[in-house]
Protein chains: 2
Amino acid sequence: MKRTTPTIRDVAAAAGVSVATVSKYMNGAQRFSAPVEARLKEAIEQLGYRSNPLARSMITGETRTIGLAILDIRNPYFTNIVKGANRIALRHDYTLLLVDTEENQEREQPLIEALAQRVDGVIISSRMQEDAMEWMTKLNKPVVLLGRNEQCPIPSVSNDSYLAGYMLARHLLNQGHRRIAYLGFAASRWDAERIRGAHTCLSEAGLKLDVHDAHAPSTLAGKAACSSVMLGPDRPEALICYNDLIALGFMKEALTLGFRLPQDLSVTGFDNVPYGEYAVPALTTVDLQSEKMGETAMLKLIDALAGKPDAGHVTLEPRLVVRESTARREEAP
Amino acid sequence: MKRTTPTIRDVAAAAGVSVATVSKYMNGAQRFSAPVEARLKEAIEQLGYRSNPLARSMITGETRTIGLAILDIRNPYFTNIVKGANRIALRHDYTLLLVDTEENQEREQPLIEALAQRVDGVIISSRMQEDAMEWMTKLNKPVVLLGRNEQCPIPSVSNDSYLAGYMLARHLLNQGHRRIAYLGFAASRWDAERIRGAHTCLSEAGLKLDVHDAHAPSTLAGKAACSSVMLGPDRPEALICYNDLIALGFMKEALTLGFRLPQDLSVTGFDNVPYGEYAVPALTTVDLQSEKMGETAMLKLIDALAGKPDAGHVTLEPRLVVRESTARREEAP
DNA sequence: CTGAAAGCGCTAACAG
DNA sequence: CTGTTAGCGCTTTCAG
């Protein structure tokens with residue numbers, strides 16, 4: 001009994017043909033005479049032969065694997081990206097090599113460089129500064145960046161954070177709110193744009209935006225930031241949070257502190273995570289289409305691998321999702 | 001200018017040594033004379049040489065990649081498993097090849113078989129029947145199964161679903177509830193055990209368990225199942241849902257239907273997903289330690305790859321997490 | 001249509 | 001310490 005898995009040579013011997021023939025058969029590269037085909041099929045079946053993808057990759061130079069580097073799989077924003085990317089990948093017979101860098105700045109670059117060596121292309125989500133991403137162009141593999149980079153000419157797909165911020169501010173304004181605050185996450189590459197969008201909108205109405213910072217893009221950070229925002233001076237009537245997780249944590253804590261939502265405070269987030277809908281009050285947010293971002297990024301990469309000309313940057317449209325966490329400002333008693 | 005990436009031979013030539021020397025240097029396999037080491041370092045730096053992991057893998061037979069097959073990355077239970085597995089993998093210099101089978105029974109086996117060929121070992125989560133999993137033993141790669149299989153001798157890690165179900169029923173009983181129902185997901189391999197646990201507990205108290213079924217392990221399915229459970233005959237005083245997602249969807253809908261929670265109904269789930277805490281009322285659940293399952297599975301696999309003897313099956317302890325969605329039964333008016 | 005031969009980039013004995 | 005020599009399992013010209 002053979003201990004080792006059968007190789008192409010075993011099949012060739014068993015079928016009485018050359019290895020080249022077996023190779024061509026496995027790849028459906030051409031047609032065969034009936035007897036040869038029959039023997040081939042028989043031998044392969046008999047031996048339980050499966051071609052070794054590694055050996056194949058070494059020659060063809062393609063692994064049919066796409067590297068996907070994200071910051072935290074537990075953040076629904078990234079979860080959706082993975083979902084979308086996986087779906088498209090599967091459909092095109094690619095597999096995902098996933099790396100969750102756990103928001104660890106140091107490990108990010110070496111991890112991705114190693115990743116790039118084992119795949120046909122990479123999709124990267126990063127918190128690096130724009131000017132610190134030049135190394136990505138030296139990966140010698142097609143790269144698609146999640147989030148636009150104005151400085152490097154790396155193909156990318158992003159959502160319009162500026163517009164999203166603007167929309168949220170506009171919505172709050174429409175509801176009659178005047179004292180609007182922003183609870184951000186400064187380490188994010190999108191934080192500034194979201195602020196700019198909201199700020200611009202408020203400026204047009206002659207109002208200012210009061211900016212606070214959470215220290216992580218998480219429910220815990222939102223919870224932690226609540227008291228200083230709500231119990232300090234200038235308590236806002238409405239709050240735009242950097243993302244839904246922060247908003248959810250913040251709301252929970254605000255309720256605990258005795259505030260009524262949305263009567264005492266309207267709250268919004270970004271991302272439209274699946275659970276915002278199940279919070280009470282259900283969270284108003286802006287859908288950044290993260291799943292579609294994953295799909296789009298994967299599609300772009302696959303196109304690039306197929307030699308199609310680069311489509312440059314793709315920007316997805318944000319979509320406001322109004323639920324119960326924002327409400328018309330109550331009249332003064 | 002070279003178009004092609006430098007190979008070990010280029011380095012050997014540039015440093016005036018043999019390829020074997022370069023290979024040993026790259027793998028830190030031994031010490032070198034100062035001049036050789038200097039030339040090596042210089043040449044590698046100069047050429048920007050990086051060893052090709054594919055070629056290496058083909059010879060050593062190890063890819064330092066672990067395949068992870070899950071059913072739906074969007075389900076927090078699986079998200080946590082990926083998180084845990086990724087953490088341990090990174091720590092041991094392994095990378096995850098992820099496949100989200102999207103609850104697609106047909107694709108599952110072929111997908112995993114293809115996956116197994118490209119990795120050193122696989123961690124599998126499946127909805128297959130126990131007796132339909134024999135093919136996994138023929139993968140010729142170490143396998144760790146998520147969820148125990150009594151029939152096949154596949155190493156596995158799981159949580160004690162029976163005990164978890166029992167705990168929940170006990171908790172509800174303690175709160176004075178008598179009419180307790182279960183809203184399950186029959187396609188799951190754990191559904192029956194959870195029912196058995198709850199059923200056993202209730203039987204001891206001379207009570208019966210009213211079993212309903214949701215059609216997916218999702219919030220939507222929970223929402224959909226709500227009216228038939230709540231507006232039909234024998235409305236329960238307490239409900240144990242197959243998982244937190246179903247519970248969350250159910251609660252939201254119950255609220256919409258005008259029920260008060262937890263006064264009119266106590267609700268529980270399984271998994272302790274991150275958002276149960278932020279729902280109102282916050283969800284009582286049982287923590288199945290999914291992240292630890294991912295870690296443990298990965299650790300087992302790495303041990304197996306290191307040739308350590310198989311530790312067999314590992315069962316993690318469930319932990320009851322009581323929050324506001326369950327409350328003492330109100331006295332009859 | 002089929003086969004022989006030449007490697008892909010690297011490692012693994014075994015010599016020196 | 002360093003080099004020589006075989007390949008790993010497969011694809012790919014290029015003849016027949």
Side-chain angles (χ1 to χ4, degrees), chain A residues 2-44 47-65 114 116-120 140-141, chain B residues 2-44 47-65 114 116-120 140-141:
Chain A
K2 285 257 223 1
R3 222 338 344 107
T4 135
T5 48
T7 78
I8 198 171
R9 263 185 275 272
D10 298 323
V11 176
V17 299
S18 74
V19 294
T21 301
V22 181
S23 172
K24 284 164 195 154
Y25 178 78
M26 292 302 290
N27 297 310
Q30 54 169 61
R31 300 180 59 83
F32 299 85
S33 65
V36 168
E37 178 154 2
R39 268 149 49 209
L40 243 17
K41 191 175 288 181
E42 162 78 11
I44 289 168
L47 276 52
Y49 171 72
R50 324 212 55 186
S51 96
N52 179 333
L54 237 58
R56 176 171 216 289
S57 291
M58 213 179 87
I59 296 173
T60 63
E62 70 161 36
T63 60
R64 297 214 75 84
T65 299
Q117 282 204 83
R118 334 183 91 271
V119 299
D120 294 344
N140 268 321
K141 292 279 167 69
Chain B
K2 285 260 223 358
R3 211 9 313 120
T4 135
T5 47
T7 78
I8 198 172
R9 263 185 276 270
D10 298 323
V11 176
V17 298
S18 74
V19 294
T21 302
V22 182
S23 172
K24 284 166 193 151
Y25 179 76
M26 292 303 290
N27 296 309
Q30 53 168 64
R31 300 180 60 83
F32 299 84
S33 65
V36 168
E37 178 154 0
R39 269 147 52 207
L40 242 18
K41 192 174 288 181
E42 162 78 10
I44 289 169
L47 276 54
Y49 170 74
R50 323 214 55 186
S51 98
N52 179 334
L54 238 59
R56 176 172 216 288
S57 290
M58 216 180 86
I59 297 174
T60 63
E62 70 162 35
T63 61
R64 297 214 74 83
T65 299
Q117 281 204 83
R118 333 183 92 271
V119 300
D120 294 344
N140 267 322
K141 291 279 167 69

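In the text below, chain A, chain B and the rest are named by the order of the sequence lines, each starting its count at 1. Not measured: the values here are computed from a predicted model.
- For D/dC10, the OP1/OP2 oxygens have no side-chain nitrogen or oxygen of A/Arg56 closer than 4.0 Å.
- For A/Arg56, the side chain to side chain contact (heavy atoms under 4.5 Å, CB included) test picks out A/Asn27, A/Thr60, with sequence neighbours left out.
- Distances shown here put every side-chain N or O of B/Thr60 at or beyond 4.0 Å from the OP1 or OP2 atom of C/dC10.
- Summarising the geometry, the separation between CG on A/Asn27 and P on D/dT12 is reported as 7 Å, rounded to the nearest angstrom.
- At the heavy-atom level, B/Tyr49 lies under 4.0 Å from the strands shown only through sugar-phosphate atoms.
- Between the CG atom of A/Asn140 and the P atom of C/dG9 there is a distance of 14 Å, rounded to whole Å.
- Contacts of A/Ser51 with the nucleic acid, taken as non-hydrogen atoms under 4.0 Å apart, involve only primed sugar atoms and P, OP1 or OP2.
- At the heavy-atom level, A/Ser23 lies under 4.0 Å from base atoms of the strands shown.
- Taking both residues in full, the closest heavy atoms of A/Tyr25 and A/Glu37 are given as CE1-CG, 4.0 Å, listed atom of the first, atom of the second, then distance.
- Of the candidates D/dC10, C/dA12, C/dT2, the closest approach to any side-chain atom of A/Gln30 belongs to C/dT2.
- Between B/Thr21 and D/dG3 there is a side-chain N or O to OP1 or OP2 distance below 4.0 Å.
- Residue A/Met26 is tested with A/Ile8, A/Ile44, A/Thr21 for a side-chain contact (heavy atoms from CB on, under 4.5 Å); the sole match is A/Ile44.
- Across all strands, A/Val22 comes closer than 4.0 Å to no nucleic acid atom at all (heavy-atom distances).
- The nearest whole Å value for the distance from the CD atom in A/Glu37 to the P atom in C/dC1 is 11 Å.
- Within the 4.0 Å cut-off from OP1 or OP2 of D/dC8, not a single side-chain nitrogen or oxygen of A/Thr7 is found.
- Between A/Phe32 and A/Arg9, the residue whose closest nucleotide on DNA chain C is further toward the 5' end is A/Phe32.
- When every heavy atom of A/Lys141 is checked against every heavy atom of A/Ala116, the shortest pair comes out as NZ-O, 2.8 Å.
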